[in-house]
Amino acid sequence: MLGVQLLLEGALKQGKRGLLVSLDEHPAQILRNAETLGLNLESQVDAGMIRVLYDSPQELEIDAHFDLIIRTIEEYKMERLLIDGMTSYSNAIGDQALYRDFIHSLVAYSKHNLMTTFFNYENPELFGMTHYMPDFAISSIVDNLILMTFVELGTSLRRAITVAKARGSEHQLSPASSRSGQAVSAFCR
């Protein structure tokens, strides 16, 4: 839903069109889930500000899929892109070299066109992380990494957001982390 909020923010406050690409959820399910959380995604889809592109992972032909994404972006002048979820692409494509080429091509295209792009990746590790995307190291080709995870604080489980990387962005680190170079984290209720 963080990616959906990114698209809605662009559409509602900045007049930027967005594309949500999913292999995981059918558009009707995406709209229903957004509505359940109080996000009126459907009105922006109806207005043409946000488009939802769905492909079945069982029938995915990656070159045709990439071409469809690019044609949709160019035809509708999209400025924001949400890819949900990268794990599904990895599983559907199977060939890791082809998967890397696909992701590199999307990153290169979106950077060349100055698009705000959000790649959603579900890490298999539930608590903490020992690797960012252990199946494919993407951290060197993207500008920002935002990690959402669970942390155990005493007897309670909390959600945490960590900005692990923010290239080319002004950001303020807490005094302790600015000295040590560590990422900034926040805990959510």
For Met78, which of Asn113, Leu19, Leu7 qualifies under side chain to side chain contact (heavy atoms under 4.5 Å, CB included)?
-> Leu19

Should [X] and [Y] count as side-chain neighbours, where that means a heavy-atom distance under 4.5 Å?
X      : Y     : value
Arg17  : Met49 : yes
Tyr109 : Ile73 : yes
Pro57  : Asn91 : no

Can you tell me how far apart [atom1] ([X]) and [atom2] ([Y]) are? Round to the nearest 0.5 Å.
X      : Y     : atom1 : atom2 : answer
Arg71  : Phe66 : CZ    : CZ    : 12.0 Å
Leu20  : Glu25 : CG    : CD    : 8.5 Å
Ser88  : Asp55 : OG    : CG    : 12.0 Å
Thr72  : Ile69 : OG1   : CD1   : 8.0 Å
Asp24  : Met86 : CG    : CE    : 12.0 Å
Asn120 : Leu2  : CG    : CG    : 8.5 Å

Path from Leu37 to Leu82 over hydrophobic side-chain contacts below 4.5 Å |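 In one cluster: yes.
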
Parallel, tilted or perpendicular for His26 and Tyr54, by the 30°/60° rule?
->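 Judged by the thresholds at 30° and 60°, the geometry between His26 and Tyr54 is tilted.
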
Audit row: Leu106, Thr117, side-chain contact (heavy atoms from CB on, under 4.5 Å) steps and yes/no | CA-CA 9 Å; Leu106 276 178; Thr117 305; over 6 Å; no

For Gln5, look at atom CD and say whether over 12 heavy atoms of other residues, nucleotides or ligands are found less than 6.0 Å away.
->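 Count over threshold, so yes.
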
Do NZ/NE/NH1/NH2 and the carboxylate oxygens of Glu9 and Lys13 come within less than 4.0 Å?
->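 Answer for the salt bridge query: yes.
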
Between Arg80 (side chain) and Leu6 (backbone), is there a donor-acceptor pair under 3.5 Å?
-> yes

